Every structure is written in C-alpha cells, then in structure tokens.
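Below you'll find the structure, written out as structure tokens, and then a few comments.
Remember, predicted model here, so these are calculated numbers, not experimental data. A, B, ... follow the sequence lines: proteins, then strands. Residue 1 opens every chain.
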Amino acid sequence: MTAAVANALEARRLPRWAPAATAVAAAALAYVVFALGGVLGGGPVLTVVGAVVFFLAGLALASGIVEGSRAARNRIATALIYSAFTLALLPLVSVVFTLVSKGTARLDAEFFGHSMRNIGPQDNSGGAYHAIIGTLEQVAIATLITVPLGTGGAIYIVEYGRGRLALAIRFFVDVMTGIPSIVAGLFILAFWVLIVSPHLSPDGLPFYSGFAASLALSVLMLPTITRSSEEMLRLVPVALREGAYALGIAKWKTIMRIVLPTALPGIVTGVMLAVARAAGETAPVLLVAGGGAGINFSPFHGLQNSLSIFIYDQAGSASKYAPARAWTAALTLVALVLTLTIAAKLLSRRNKLR
Amino acid sequence: MSQSPIAGPAETAPVTAGLAAPTDLGPTGPLGGGGGLPSRRRFGRESLFRWFTTASGAVVLVVIVAIAIFLIAKAVPALRADKANFLTYKDWFPDDPTNPKFGIAALALGTVEASVLALLLAVPVALGIALCLTHYAHRRVASALGFVIDLLAAVPSIVFGLWGRDYFYKPVQDFSAWLHRYFGWIPLFGSGGPYGKSVLLGSAVLAIMILPIITSLSSEVFRQTPKMNEEAALALGATKWEMIRMAVLPYGRPGLIASVMLGLGRALGETIALALTLGATYTFSIDLIENGGNSIAANIANKFGEASETGRGALIASGLVLFAITLVVNMIARLIVYRRREFIGSAA
C-alpha cells in the first residue's frame with residue numbers, strides 16, 4: 001500500500017480490454033461450473049449470477065494485482081452500481097411483457113362494451129365497461145374536489161402563510177402523503193359509509209357508492225396536489241408579483257391573474273400525476289364502492305365498480321375465464337395510467353419555470 | 001428542486017410585508033390620495049380569498065384529526081366485544097357471535113417482517129441506481145433511466161400483485177426450493193415445500209414497489225452534494241468510489257435515512273399486492289419460504305368482504321394501529337428532512 005505510486009498519471013493501469021476479457025472468462029467459467037458441472041444444482045439463472053460473481057472476483061483480483069487495492073475497490077463499486085441498475089430494469093420489463101402477452105387475449109370489443117351482468121363462471125364473455133365508467137367517474141369527482149382545495153392550500157402556504165399554522169400545514173401535507181391508501185379507505189368507510197350515509201338513504205341503512213370512493217381517493221390526492229402546486233407557485237419569480245403590486249393590483253387578483261397562470265403548466269402536471277396514481281388505487285375503492293357487476297352511471301346511488309377492483313375480483317374468481325379478463329383489465333389500467341404519466345412528464349419538460 | 005428551497009417565513013417576508021401595507025392603512029387610505037388603490041372593505045374579495053385559501057390549507061389538518069377520531073369511534077365497540085387481548089392474541093375470529101376473539105400480534109409481526117425484508121432487498125439496489133443516476137451514467141442516459149424509474153413508480157399496486165401471483169411466483173418457487181436444498185440448515189429457509197405464497201414472494205414484490213420512491217428521494221439527496229466537496233476529494237487523489245464514500249454519502253446521510261424511512265412507510269401500508277402474494281395465515285414464523293405471511297393491510301383487504309359489524313370494527317381497529325405506526329414513521333422521517341432544509345423540495 002505504502003509503495004503505491006504517488007502520481008496517479010503514472011500509475012500502472014489495466015489495459016482497456018481487461019474488463020471485457022474478464023467478463024468473457026467469467027462467463028465461460030460459470031458455464032463450465034454451473035451449467036455443465038451442475039454445482040449447487042446448476043440452472044440458467046444460477047449461471048448468470050455465477051458469471052457476475054466470477055466477473056467481480058476476477059476484476060478485483062486483476063485490478064488488485066496491477067493497480068492496487070484502492071483501484072480494485074473502485075472498479076467493484078462501479079460494476080455493482082451498474083448491475084443494480086440492470087437488476088431494476090428486469091421487473092419492469094417482465095411486468096410489461098406479461099401484461100402484453102396475457103392481456104391481449106380478451107382485448108376485444110366485447111370487453112370494452114359490456115359489463116359482467118349475467119356472466120356466469122362458464123361464460124367466456126363479459127367485459128369491464130361498468131368498471132371503466134366507475135374509474136373515470138370516481139377519479140373525475142375526486143379531481144373536482146381536490147384541485148380547488150389543493151391549489152388553495154398551496155396558495156395559502158406560499159402567499160399568505162406565516163407562523164405556526166403554515167408550518168404545521170406544510171409539515172402535515174408531507175406526512176399525509178405517506179398515509180396508507182387502505183387507511184384512507186377505512187376512514188371514508190367509518191365516516192361516510194357508516195356514519196353519514198344512513199342519514200342520506202330513505203331506508204336509513206348505510207350504503208356503498210362511487211361517491212364514497214371519490215372521497216377516499218380525494219384523501220389520497222389532496223396532499224400530492226397541494227405539494228406539487230406549492231412547488232410550482234414557489235418557482236414563480238417574485239418580480240412578477242412585485243410588478244403587479246406596484247401597479248396597485250390587489251393581492252388576490254395578482255395571485256389569480258398573474259401567479260396562477262404562470263404556474264399553471266406545472267400545476268396541471270402535478271394534477272395529472274395525482275390522477276394517474278388515484279386511478280390505479282385499489283384498496284380504498286374496494287372498501288367503499290361496493291363493486292357490483294352491472295353498469296351504474298350514478299356515483300350517488302347503488303354499487304359502483306372500478307377497474308382496479310374489477311382486476312381484484314377477477315383475480316380471486318374461480319372461473320377459468322377470469323384470469324384473462326383480469327389481465328386485460330390490468331393492461332387497460334396500465335395503459336391509462338402510463339399515458340397520463342407520460343403526458344404529464346412531457347408537459348413538465350416544456351414548462352419554462354423549471 | 002434547487003431553486004425552491006423557500007424554507008421558512010424569512011424568504012417570503014419581504015413580499016408579504018410589502019403587500020399587507022395597502023390593507024392595513026385603515027379607512028382613510030394613504031396620505032396623498034391614490035385613487036387606484038384596492039378597496040379595503042373588511043369582507044371584500046381579498047379577505048374572502050384569503051379565508052378560502054386558509055381554510056383549504058387547514059383541510060389537511062382537519063382530515064388527519066378526523067381520520068384518528070372516526071377510526072377510534074368505530075374501533076372501540078369492536079375492541080370492547082373482543083374476548084382476547086387485542087395486542088397479543090394472534091388469531092382472527094371477530095365474527096363469532098358468542099365469543100369474538102381477535103388480535104393483531106401475528107399481523108403486526110408479519111407486517112414488520114415483510115417490510116424489513118423488502119427494505120433489505122430494495123435499499124442497496126435503490127442506492128446503486130441513485131448513484132448511477134447522479135454520478136455514473138451520462139446525463140442523457142441518466143434522464144432516460146430516471147424516466148423509466150418514474151414509470152415503474154406509476155404501475156398500480158394491483159398490477160404488481162397480479163404479476164407476482166400469476167407469474168413471478170414461479171421463479172420464487174424455484175429459488176425457494178434451491179435455497180432450501182443448499183441452505184436449509186438456516187431456520188429462515190427451513191420449509192421443505194411445496195412452495196407458494198410466501199413472505200419471500202410478498203417481500204420481493206414489495207421491494208420492487210418501494211424501489212422507485214427510495215431511488216428518487218435518495219438521488220435528490222445525492223444531487224445536492226456540494227460540488228466543492230466532490231472536487232476536493234478528487235483533487236486529493238481519491239478514486240471515484242472513495243470520493244463517493246468521503247463526500248457524497250456522509251453529506252447525504254440524514255436524507256438517506258429519511259428516504260429509507262419513507263420507503264418503510266410505503267411498505268408498511270401496501271395492501272393489494274400483499275393481499276395477492278402473501279399466504280394470509282395467522283401464524284408468525286421466521287421461515288421466509290414456507291406458505292404463509294400476512295400483514296395488517298392485506299388482512300383488511302382479504303377479510304373485508306366477509307366481515308359483519310364486529311368484524312368491520314376489528315378491521316378498523318387494526319387499521320388504526322397501522323395508521324398510528326405509519327404516522328410516527330412518516331413524522332420522524334419528515335422531521336429529519338426538515339432539520340436539513342436543503343433537502344426540502346422533493347414531493348413523492
């Protein structure tokens with residue numbers, strides 16, 4: 001160690017082809033040991049893992065001998081960091097592949113035009129029309145509730161808030177983003193379905209509804225929308241506000257006419273991301289919407305389904321045709337969510353404030 | 001995020017102070033007239049607007065308090081009816097009409113087991129990706145890869161659950177058999193099969209799901225390392241890895257702890273994916289590969305359909321425990337974040 005070359009420029013380095021050569025040697029060794037030799041049971045996955053381990057060991061050894069232990073550690077860390085990345089891509093690729101291969105079986109007009117009413121376990125038909133309606137309505141109502149509240153709260157935090165109340169609101173907005181979705185569902189179950197809804201129904205009994213699902217989704221969307229709007233409002237240059245004040249414009253008008261329009265693209269991006277997340281939520285909707293097999297356009301009366309609970313129901317169904325329906329619904333849901341997410345990201349790239 | 005660290009009142013003060021002036025001048029208005037000044041009525045649009053924004057900000061506080069109140073209100077009757085000790089009893093029979101017994105012990109331990117294992121799997125990978133995004137990959141590549149991680153975060157949990165149950169169980173099954181064959185002497189891999197829904201499967205799916213949030217928060221942290229510190233380390237002859245260990249990791253440690261805790265919060269509350277991939281039993285075992293495993297949230301999703309009134313109350317009581325745990329975890333994480341103002345700014 002002490003004899004290491006002081007000048008990094010003159011230090012001995014492995015030739016550039018060394019890592020590639022080590023990789024080839026490691027792959028060959030792993031193939032011989034695991035695939036042909038059958039050590040530890042063999043198998044293709046073990047061969048790949050073994051090749052990576054041999055590669056790391058071989059590189060460490062070669063680099064340790066030629067370049068010294070510090071450089072060896074550096075090479076190992078680099079290799080590990082890149083392999084972490086590859087590892088993370090695997091599940092995404094696998095999920096997308098499974099979705100496409102299993103989800104296209106029932107991707108037909110029947111699926112998008114029919115509900116599950118009168119569909120028995122022996123029927124290969126049936127669709128998710130009722131569930132798609134439910135998802136769209138529930139998310140739309142939740143958006144109508146949370147956008148004014150969320151941007152209003154953000155405006156309070158950025159423009160008006162001072163002292164303890166503002167600090168507390170900021171803090172609990174952050175904390176609330178971490179509340180489990182199932183807890184939001186239980187809250188609406190306890191508050192709206194079990195306590196409020198009996199007063200609204202003619203027979204005095206509690207009832208499930210799409211609106212209750214919207215409320216549960218609102219609880220989840222509110223903190224994310226508040227947080228993202230807050231960030232966008234902070235990016236609006238102070239000079240714009242001061243210019244408006246200097247012209248004698250009232251504060252509320254400055255906010256409504258100058259600050260909000262400037263921040264609008266960013267706020268819309270945040271709302272779209274929150275909508276995408278809410279559309280995929282299952283747990284809260286499962287507890288309060290009630291499901292149901294028929295088409296129900298009214299969020300206020302009767303049971304309503306949603307795409308995510310449709311998937312959950314079909315996944316738990318004993319019918320041999322149910323998995324195909326579940327996967328097609330999953331493909332639909334992912335397409336919806338990813339379209340929203342990608343559109344939001346593209347919009348945010350064009351945002352001038354960023 | 002670098003432009004948005006308005007951390008406290010200090011930075012907003014000049015703006016607000018300048019604005020409050022016209023309204024505070026009283027009915028006579030400023031000296032020297034000024035006909036164009038905004039109206040100063042007490043119930044004018046200005047105060048109405050201000051009132052509205054304050055109220056919508058306060059909704060968050062109201063909701064958090066309301067969650068606690070309503071969950072307690074519905075949980076107490078069921079807890080009164082419980083013939084067993086709620087905190088130590090393991091089984092779940094709340095709907096027995098004469099002798100309702102239920103307890104959260106197995107569920108709580110199962111939740112912690114699955115979440116901790118998921119963290120052990122996810123954190124090293126997430127930190128590796130975060131370092132890759134911030135310090136290793138080329139800028140263009142990094143932004144494309146960051147986008148892919150965002151997509152991973154956008155996939156709904158029900159889809160991960162379905163994928164885990166219908167597809168991913170197979171490799172995990174093989175892996176379990178392999179683990180048992182060669183490492184069966186470790187109690188963690190004691191079960192001889194057949195293998196199905198196990199803690200290992202649930203935790204692996206959970207790990208994939210919390211990976212994006214830990215990655216995005218910690219890469220936010222790494223990005224804020226002062227360039228000076230990094231360059232100083234490199235100038236002293238440090239290799240890249242030494243620079244990361246000496247400059248990047250120590251600087252980001254509080255932020256890393258916070259992002260791991262936020263990931264833990266997510267893992268504790270994850271419902272549907274675990275409802276589909278855990279065995280839903282009421283025994284707690286450290287054997288990771290045997291059929292079994294359960295969590296508070298998954299149990300709520302599984303048992304809700306068949307629950308009667310006491311059963312619902314019992315599920316709400318378990319949800320209350322989950323709420324309390326996640327609230328504490330999240331508050332600690334956020335407090336760590338707030339003590340380091342530089343880190344403020346990442347949503348998620």
Side-chain angles (χ1 to χ4, degrees), chain A residues 8 40-41 70-71 73-74 77 80-81 84-85 87-88 91-92 95 98 149 152-153 155-157 160 162 169 172-176 178 180 182-183 186-187 190-191 219 227-228 231 234-235 238 241 245 248 250-252 276 280 282-283 286-287 308 311-312 315 326 330 333-334 337-338 341, chain B residues 3-4 6 9 15 18-19 36-38 45-46 49-50 52-54 56-57 59-61 63-64 67 70-71 74 125 128-129 131-132 136 151-152 154-156 158-159 162-163 167 178 182 208 211 237 239-241 262 265 269 271-272 297 300-301 304 316 319 322-323 326 330-331 334 347:
Chain A
L40 286 179
R70 289 174 54 205
R73 246 175 267 148
N74 188 38
L80 280 178
I81 281 167
F85 211 97
L87 194 63
L92 187 66
V95 167
T98 321
L149 284 180
I155 289 172
Y156 171 76
I157 295 171
Y160 291 104
R162 263 173 290 170
I169 290 177
F172 279 102
V173 165
D174 279 342
V175 170
M176 203 172 151
I182 189 93
V183 170
L186 286 176
F187 163 56
F191 160 66
V219 172
R227 198 69 180 78
S228 61
E231 268 174 29
R234 285 200 195 288
L235 292 181
V238 178
R241 297 189 181 97
Y245 299 145
K251 184 167 184 177
W252 72 272
T282 314
L286 182 73
L287 299 188
S308 47
I311 302 171
Y312 188 64
L333 184 60
V334 168
V337 168
L338 287 194
T341 310
Chain B
Q3 310 105 303
S4 67
I6 299 192
V15 190
L19 297 190
L37 281 177
R45 276 175 283 193
E46 173 65 45
F49 186 74
R50 188 185 178 130
F52 167 74
T53 58
T54 314
S56 35
V59 163
V60 172
L61 301 181
V63 166
I64 290 202
I67 291 176
F70 283 101
L71 291 190
K74 283 290 162 188
V125 181
I129 300 172
L131 282 176
C132 189
Y136 281 83
L151 291 190
L152 195 63
V155 175
I158 177 81
V159 176
L162 196 63
W163 172 76
Y167 172 77
W178 182 82
Y182 296 98
I208 297 168
L211 191 74
T239 62
K240 192 159 194 178
W241 175 239
L262 291 173
T271 309
I272 290 295
I300 297 173
F304 181 74
I316 289 177
L322 181 65
F323 175 63
T326 48
N330 273 291
M331 282 172 71
R334 293 295 176 183

Using non-hydrogen atoms only, which part of A:L186 is less than 4.5 Å away from chain B: side chain, backbone, both, or neither? both
Most contact-rich option vs chain B, by heavy-atom pairs under 4.5 angstrom, among A:W252, A:Y156, A:F172, A:F191, is A:W252
Interface check, chain A: of B:V155, B:L71, B:I208, B:V60, most non-hydrogen pairs under 4.5 Å belong to B:V60
Using 0.5 Å steps for rounding, measure from the CD1 atom of B:I158 to the OH atom of A:Y312. 7.5 Å
Turns out that what part of A:V175 lies under 4.5 Å from chain B's heavy atoms comes down to both
In A:I155, A:L149, A:I157, the residue satisfying side chain to side chain contact (heavy atoms under 4.5 Å, CB included) with B:T53 is A:I155
How close do A:R70 and B:T239 get, heavy atom to heavy atom, and via which atoms? NH2-N, 4.0 Å
Counting heavy atoms not belonging to B:Y167, are there more than 12 under 6.0 Å from its OH? no
When you look at A:V183 and B:L322, which way does the side-chain contact (heavy atoms from CB on, under 4.5 Å) test go after all the steps? CA-CA 8 Å; A:V183 170; B:L322 181 65; 4.1 Å; yes
Chi angles and distances behind the side-chain contact (heavy atoms from CB on, under 4.5 Å) call for A:I169, B:L61: CA-CA 7 Å; A:I169 290 177; B:L61 301 181; 3.8 Å; yes
Of all heavy-atom pairs between B:G128 and A:A84, which one has the smallest distance, and what is that distance? CA-CB, 4.0 Å
Leading residue by heavy atom contact count with chain A [cutoff under 4.5 Å; candidates B:T326, B:I67, B:V159]: B:I67
Closest-packed option against chain A by number of heavy-atom pairs under 4.5 Å, given B:G265, B:A297, B:A154: B:A154
Measure distances from A:V219 to the heavy atoms of chain B and classify the residue's part below 4.5 Å as side chain, backbone, both or neither. side chain
In terms of heavy-atom proximity below 4.5 Å to chain A, should B:W163 be classed as side chain, backbone, both, or neither? both
Supply the atom-to-atom distance A:F187 CZ to B:F323 CZ, rounded to the nearest 0.5 angstrom. 9.0 Å
Go through A:T341, A:L338, A:L333, A:T98 and name the one with the most non-hydrogen pairs under 4.5 angstrom from chain B. A:T98
So CG of A:L286 and CD1 of B:I272: to nearest 0.5 Å the spacing works out to 5.5 Å
Toward chain A, the part of B:F52 with a non-hydrogen atom under 4.5 Å: side chain
Going from CD1 on B:I129 to CG on A:L87, what distance comes out if it is rounded to the nearest 0.5 angstrom? 8.0 Å
Could you pull out the closest heavy-atom pair between B:S56 and A:G153, with the gap in Å? OG-N, 3.4 Å
Which region of A:A276, side chain (C-beta onward) or backbone (N, CA, C, O), has a non-hydrogen atom less than 4.5 Å from a non-hydrogen atom of chain B, or is it both or neither? neither
Nearest 0.5 Å, please: how far is CE in A:M176 from CD1 in B:I64? 6.0 Å
One option among A:G178, A:G152, A:A71, A:A190 has the most heavy-atom pairs under 4.5 Å with chain B, and it is A:G152
Quick one, A:V95 and B:L152 - any side-chain contact, counting heavy atoms below 4.5 Å? no
